[in-house]
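I have placed the structure first, in the form of structure tokens, so that the comments after it can refer back to it.
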Amino acid sequence: MSAGVHTVAVIGAGKIGELMLSGLLRSGWPVDRLLATARRPARAEELTARYGVRVVDNLTAVDEAAVLAVSVKPQDAAALLDEIGPKVPADKLVISLCAGLPTSFFSRRLPEGTPVVRVMTNTPALVDEAMTAISAGAHATGAHLTLAEEMFKPLGQTIRVPESQQDAVTALSGSGPAYFYLLVEAMIDAGILLGLPRQVAHELIVQTAIGSAVMLRDSGEHPVKLREAVTSPAGTTISAIRELEKHGVRAALLAALEAARDRARELAAQAD
Ligand SMILES: NC(=O)c1ccc[n+]([C@@H]2O[C@H](COP(=O)([O-])OP(=O)(O)OC[C@H]3O[C@@H](n4cnc5c(N)ncnc54)[C@H](OP(=O)(O)O)[C@@H]3O)[C@@H](O)[C@H]2O)c1
């Protein structure tokens with residue numbers, strides 16, 4: 001199996017499924033090698049109008065595609081697999097984008113021997129800056145992982161992790177963009193508190209976030225070092241940091257990510 005030469009069906013093309021479709025198209029994947037499925041006719045029409053992609057029912061997708069990328073909500077996965085599971089020939093590759101669900105959830109509902117790969121991507125896929133973590137489930141070979149990587153590489157960075165780390169990945173990078181947006185939103189509010197016009201505060205913080213992110217990526221320096229470079233003795237930054245520490249921002253992040261990890265586990269338990 002190699003990229004672009006077989007058909008990929010995005011099963012349940014909602015927000016994440018659409019990110020995948022649009023990313024594959026941007027990377028040059030032929031539109032006639034893509035299929036999508038949707039629950040609502042209006043959604044199907046929207047996808048065809050936007051991408052020219054053929055939207056079919058789930059069983060047709062199973063029939064025609066070599067790779068089935070499942071991107072329904074975790075709580076909808078069992079019903080979907082009740083419908084398609086027994087009909088999936090064991091030579092198809094199933095890629096799950098569902099948060100929390102272990103590959104064993106799929107394997108139990110698919111014919112013996114069906115390869116399953118678990119993927120956690122994130123919304124910056126929209127601007128080709130996703131972080132996608134890929135894990136092999138039962139029967140997935142190196143070739144299957146390579147194919148999944150080839151599909152997600154055009155959307156940003158990819159990393160292979162053992163499946164046991166996927167709930168932590170979900171908490172960190174899957175939900176991660178939301179934490180940064182919250183931080184930016186709060187900093188814009190702080191700018192308004194200090195008397196800046198909203199638009200000025202927005203521009204200042206968004207560019208500061210971008211600049212800091214590029215420094216983190218390109219300098220190779222540890223974040224502590226980068227922070228220390230902005231923190232002069234008895235200066236303004238250390239006064240702010242004292243407040244952040246006093247208000248437990250670091251502890252809040254540790255607790256928040258633990259809660260996200262636990263929620264991923266709960267979703268898997270509820271889906272079963
Ligand atoms: N959003 C994120 O940032 C993010 C990040 C990483 C991973 N994920 C994972 O990605 C998955 C999808 O999340 P999402 O935010 O994209 O959800 P979403 O927008 O609700 O997309 C799921 C889509 O699947 C459709 N669907 C459900 N059951 C179906 C079925 N039996 N047949 C065909 N279509 C069906 C839904 O139809 P309706 O429109 O009728 O509901 C919906 O359009 C989740 O498992 C989530 O854990 C999400």
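Basis for what follows: all heavy atoms, side chains included, without hydrogens, waters or symmetry-related copies. Note that ligands are numbered from 1 as they come in the structure, with each ligand's atoms numbered from 1 the same way.
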Heavy atoms of other groups near Q157 CD, more than 12 under 6.0 Å: no
Per-atom filter on ligand 1: closer than 4.0 angstrom to a heavy atom of T123 are 3 (O)
Numbered atoms of ligand 1 (with element) below 4.0 Å of T37, judged on heavy atoms: 33 (C)
Any donor-acceptor N or O pair under 3.5 Å, side chains T132, T121: yes
Select the closest option to atom 45 (O) of ligand 1 among L97, N122, V72, T132, judged by heavy-atom distance. V72
R242 vs E245, salt bridge (charged side-chain N to carboxylate O under 4.0 Å, His left out): CA-CA, chis, key distance, verdict: CA-CA 5 Å; R242 181 181 58 186; E245 297 294 8; over 6 Å; no
Before signing off on this row, confirm whether A99 and ligand 1 have an N or O atom pair separated by under 3.5 Å. yes
For L80, the atoms of ligand 1 under 4.0 Å from one of its heavy atoms are 31 (N)
R40: numbered ligand 1 atoms lying under 4.0 Å from its heavy atoms: 38 (P), 39 (O), 40 (O)
When you compare the side chains of T103 and E163, does any donor N or O come within less than 3.5 Å of an acceptor on the partner? yes
Using a strict cut-off of 4.0 Å, indicate which atoms of ligand 1 neighbour a heavy atom of P74. 44 (C), 45 (O), 47 (O)
For atom 30 (C) of ligand 1, which candidate among N58, V10, D76, D82 holds the nearest heavy atom? N58
Which heavy atom of the protein is the closest neighbour of atom 15 (O) of ligand 1, given with residue, atom name and distance? K15 CE, 3.4 Å
Nearest to atom 6 (C) of ligand 1 by heavy atom, K73, M120, E83: which? M120
Between T60 and D57, is there a side-chain donor-acceptor contact under 3.5 Å, judged purely by atom types and distance? yes
Hey, which atoms in ligand 1 end up nearer than 4.0 Å to a heavy atom of T121? 5 (C), 6 (C)
A cation-pi test, strictly: NZ or CZ of R109 under 6.0 Å from the centre of the six-membered ring of F106 and no more than 45 degrees from its axis. Yes or no? no
I'd like to know if the side chain of H144 and the backbone of T141 have a donor-acceptor N/O pair within less than 3.5 Å. yes
